[in-house]
Every structure is written in C-alpha cells, then in structure tokens.
Amino acid sequence: MNNKMEKVISLAKQRGYVFQSSEIYGSLKSAYDYGPLGVELKRNLMNEWWRSMVHEREDVIGIDASIIMHPKVWNASGHLSGFSDPLVDCLISKERFRADKAPTPTSGDELPIICNDKGQAKQYQKSIEKRFGIEIRRNGKVLEGLRVIDDSTFGYFEKDSDDANQTFPYRGYVSPTFGSPFLSDERQFNLMFRSQLGPVDSIGDLTSFIEKNPDLKGKELRKGIEKVIKDTAVYLRPETAQAMFVQFLNCQQSMSMKVPFGIAQMGKSFRNEITTEHFIFRSCEFEQMEMEFFVEPGTQKKWLDYWRDKRLNWWKSFANNPDKFIYRAHDKDELAHYADACYDIEYEYPWGFDELEGVASRTDYDLKKHAEHSGAKLSYFDPQKQDPQTGKNGWRYTPFVIEPAAGATRGLLVYLLDAYHEETVQDAKGNDSIRKVMKIHPKLAPIKTAILPLVKKEGLPEIARDIVSNFFKAGINTKYDEQHAIGKRYRRHDEAGTPFCLTIDGQTKEDGTITIRDRDTMKQDRIPAEKALEVVKTRLGVV
Ligand code: GAP
C-alpha cells in the first residue's frame, strides 16, 4: 500500500477518525466505524453539503426517505434485473448484459464487432490486440475475421483463409450491442442486499418448498425459490437517488416548486461490491449526498455545466490542495445507457486520479420508467410555455434530470488525505522532531477549539471551565483538556485537526489574557479571555 495511505489509515485509527468494524472479533471485511473524530468530520462535511445545496438555495428542497423502499422501485430502475439474472461482461466494451437475452450465432457464422464509429473501432482493435494477441482486421467501424467454429469455439481467420490463426472458447452468444464474443463467465450479481419484510421466517417456507419438490434442480430450483421469497423480498437501497424520482410529484406539489428545481438527499447506501478497496474509498455500506435537478428538455447541457463547475468548486473550497481536484468528461462508451453526458469529479488519490462525484445528465429516463411501472403521471405542466409540438400555450413534459451524486464517506477520505501533513520542528530541548498535523478546514474540523489550563492547579482549571461553558453555549464544539504536558497536548490537537488551542496560564490571573495558538502556523497571540469566543468565531468564519 502507498506510504501516505498507510500513514493516514494508521493516524485515522490512533486518533479516532475511522476504525475497522468489529475489530475485537477479527474485523468485518470492508466495513468501517467512524470514531469520535470521524463522526464529527463526516457530519460537518454532510452539513456543509446540505447548507450549500439546500439551505442556501431557493430552487432545491430536501427529503429523507426510507432505506427500504417498495421492491417495484428497483424493478423500474433496472437494479433488480442485475440481481437475479445471470449477467456477463463484454471484456472489450465493458457492456454488461443478460446472458439469456443475448444473440446466439451458430457454427460457421461470422462474428463482426460493429462499433459506433471508426474511433471506437480503433480503440477496441487495440484492446483486442493487447488482451488476446490478435491483430484483428478493421473495415471502417467494423472489426472483421472472427467466426464461430463449433458450440464451444470461435476463431480468428485471415482474409480468405479457412484455417483459424487462433481459437478461443465460445459461450454460445455475443454481446447484444456490439456483437463481441470476448466475454467473462456468467455470474449471478447480487448488487443489492436482500432481506425479508415481515416477522415470518422465510427459511421455513423455503424448506417446505424444497421438500415438496425434491426433483427440481439447477435453474428450475432457483426459479422456484425466487418465487417463494418474492412476495416478502425487500432490498437495502444501493443509491439514495431513486426516492427523489419516486417522490417527485409529492415534493413538487407540496412545495409548489417550479422547474428548474432540485430534490436533495443524503444518507446510507449499500452495495455488494465485487471489489472493495482502498480503505473507505469503496465499501459495502457507505454514505451518499445526491441531488436530482429537474430541468426543461433541451436545457440539460447548460445545467450540466453549471452543476459540474459548482460541485468542483465546492470540493476545492475546503481543500489545502485545490489543484488535486479536476473534472473529466465520460467517453461515449463509458456513458450509462440512460445518460446523454456525464462528468466525473476526480481527486488525485495516492493511486492516481479517481472518482469522487459523478455529475450526470440522466435525460428523462428515470421519471419515464417510474411512470411506466407505477402508472403515476410523473410530468410537469408549465402554463407559461408553448408546447413545441402543438404551438399552443401550456406545455406538459417529463423533466430531464441533472444529477450531482457524491460520496460522503469517500469525501471524508479525500479530506483526510488532503489534510495530512508532516513537518520537521524543534522540540522543547531543541531537537528536531516530526510534527504531524491534520490541516482540516476549520468548518470541517471535528473539534474547533481546545481549552487547556497550563497546570491542574492555582485556579487555572476553573477559569478554563468557564471559557468552555461559554463556547458550549455558543454551539462551538470545544474540548477541555488537562492531560499531559502542554507540548504533548498541542501535538495531540494538531493530529486531531483542532484549529485553535486556548491556553490559560499564570499571566491569565494577573491581566485576564490567554494565548490562542494557530494549528497550522503554531503562532501564539495573547488575547483577553473575555474576548476568546469572539476571536475564535471570527477566525472560524462564523460571524
Ligand atoms: N445515483 C447515481 C449514483 O449512485 P455512483 O457513481 O454509483 O452514482 C455516486 O455513486 C458516488 O457515490 C460515487 O462518485 C462515489 O463517491 C460514491 N460511491 C459509490 N459507490 C461507493 C462505494 N461502494 N463505497 C463508497 N462510496 C461509493
């Protein structure tokens, strides 16, 4: 693992940001607990998102929907088809499809790979050469020379040749969009976590079904079992987005919203990820911050650019190194089938640039799908606009959607990495030592101020506790800390990312002043104790 990543993971545990789940039982793979500092950092991050997306806007409203929704939601959204059907990945185009619905060329049939354009054909040609060692012929946007030999083999044939240069295992079908025979094994993808609603244990029903049907095997047995559990099966949401489509009408009507407007939600999502990786970057339980912004058809490009810039700048605004945040447009072959454009906001992690947030132009796909499956009229009527088809006043349409979808827990990792800083300083004896400091933006910092009596006597703790109580009343997260020598306490709070340490010392009793130490510069100023709250508020930017 990368050195910086190791250091951040180690500090995260030591200082109480993130712990491995159920550690005393040997840990649960890819599950994490947010400790005393982590929970504060995560909440501050999510509250800042809510503030900028909901509280500071007239055109966005928020919801907090159930994690378990009606199972038909996942049918309409397409998530369920990937749940119970065998899926296959095309190794070249990355298209994922149902094996039982794919075209099935037979012995002697040519297998042309038909791309969208020449550029894509060249790209796939290169991938095939790299992965399978054949220089496949290209004719414009078509890759040629592949042919089915028998039920289990296909080959690559030079022009006018009957002898295959090279052969490969054939699965009996090709990918539906491009016709590619370069495929992964069939896999049952359980993307969503399934549970049963109701107190009756479905294992009892399953047992009696199997006892009554002892002859059923393989696919038939699976189908039967699925039927038994279908009526009570529910799923943990794999994204927060769908509730915002499903509650589109209730939200729009209850708040009299006019298009363009957005619905925002943040909270837990669950995915049985095939690979979990890089600490909390990809885990099975995580938190998202998503907003569905409903716009008039035809205006989606303008709004996509608007939200891309807005979201990128938001991430940069809390960062020490804003240059590490970029956006990247999706290539055509990367786009989800329902999207007409998409940007990823990426961060330069220790392993390279990777996704932090997606900003997608999802067309009218989701509202139309939910309208089709539920029978509800998920459309919007604008009395001020002319219907482009009839030319008459008043236009009813299905809004298009721009979706900025961010990971909150992934964002927390990003800001831990951004904050981690080491520098050489001299200790009290004049020796060089490494100071680790988490330069977390003051608005996100878990603890805003530490109040430190220099010694535990001479009335200093009492003065310190009076100051603490003022800060508590003002709603500023403050910690009283009298453990260990003052230098050690400063270092502890450097690692906790506490922006300011206030120290009460002998001089406080003489002239009523205390010191305020800045985490990043270590500079100390003397200020009147009675002005401490005002000074900290100004430095935090909350007044
Ligand atoms: N509604 C669209 C949607 O969910 P996504 O790209 O799958 O899109 C959005 O997810 C964001 O959620 C990602 O950019 C990422 O930050 C976060 N995310 C997705 N899967 C995750 C996982 N397994 N662990 C942590 N964060 C994840």
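Source: prediction; values computed, not measured. Remember, it's 1-based here, ligands and their atoms both numbered in the order they're listed.
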What atoms of ligand 1 come closer than 4.0 angstrom to any heavy atom of [X]?
X: Glu357; answer: 14 (O)
X: Ala241; answer: 1 (N)
X: Glu355; answer: 6 (O), 13 (C), 14 (O)
X: Arg362; answer: 1 (N), 2 (C)
X: Glu403; answer: 1 (N), 2 (C)
X: Glu239; answer: 1 (N), 2 (C), 3 (C), 4 (O)

Can you tell me which residue and heavy atom of the protein come closest to [atom], and the distance to 0.1 Å?
atom: atom 18 (N) of ligand 1; answer: Phe286 CE1, 3.6 Å
atom: atom 3 (C) of ligand 1; answer: Glu290 OE2, 3.5 Å
atom: atom 10 (O) of ligand 1; answer: Gln288 NE2, 3.3 Å
atom: atom 24 (N) of ligand 1; answer: Ser283 N, 3.0 Å
atom: atom 20 (N) of ligand 1; answer: Arg271 NH1, 3.3 Å
atom: atom 11 (C) of ligand 1; answer: Ala405 O, 3.6 Å
atom: atom 17 (C) of ligand 1; answer: Gly407 CA, 3.7 Å

Can you say whether the rings of [X] and [Y] are parallel (under 30°), tilted (30 to 60°) or perpendicular (over 60°)?
X: Phe261; Y: Phe248; result: parallel
X: Tyr397; Y: Trp395; result: tilted
X: Trp303; Y: Phe293; result: tilted

How does Leu356 reach ligand 1, by side chain, by backbone, by both or by neither, if only non-hydrogen atoms under 4.0 Å count?
backbone
Check the pair Tyr347 / Phe353 against ring-ring contact (aromatic ring centres under 6.0 Å, His included), numbers first and verdict last.
CA-CA 5 Å; Tyr347 175 72; Phe353 278 101; 7.8 Å; no
Between Asp340 and Thr363, do the side chains contain a donor N or O and an acceptor N or O under 3.5 Å apart?
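On atom types as modelled, these side chains do not qualify, holding no pair under 3.5 Å.
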Quick one: is the NZ or CZ of [X] closer than 6.0 Å to the six-membered ring centre of [Y], and within 45° of its axis?
X: Arg308; Y: Tyr343; value: yes
X: Arg311; Y: Trp307; value: no
X: Lys316; Y: Phe325; value: no

Give a yes/no verdict on whether any heavy atom in Glu346 is under 4.0 Å from an atom of ligand 1.
no
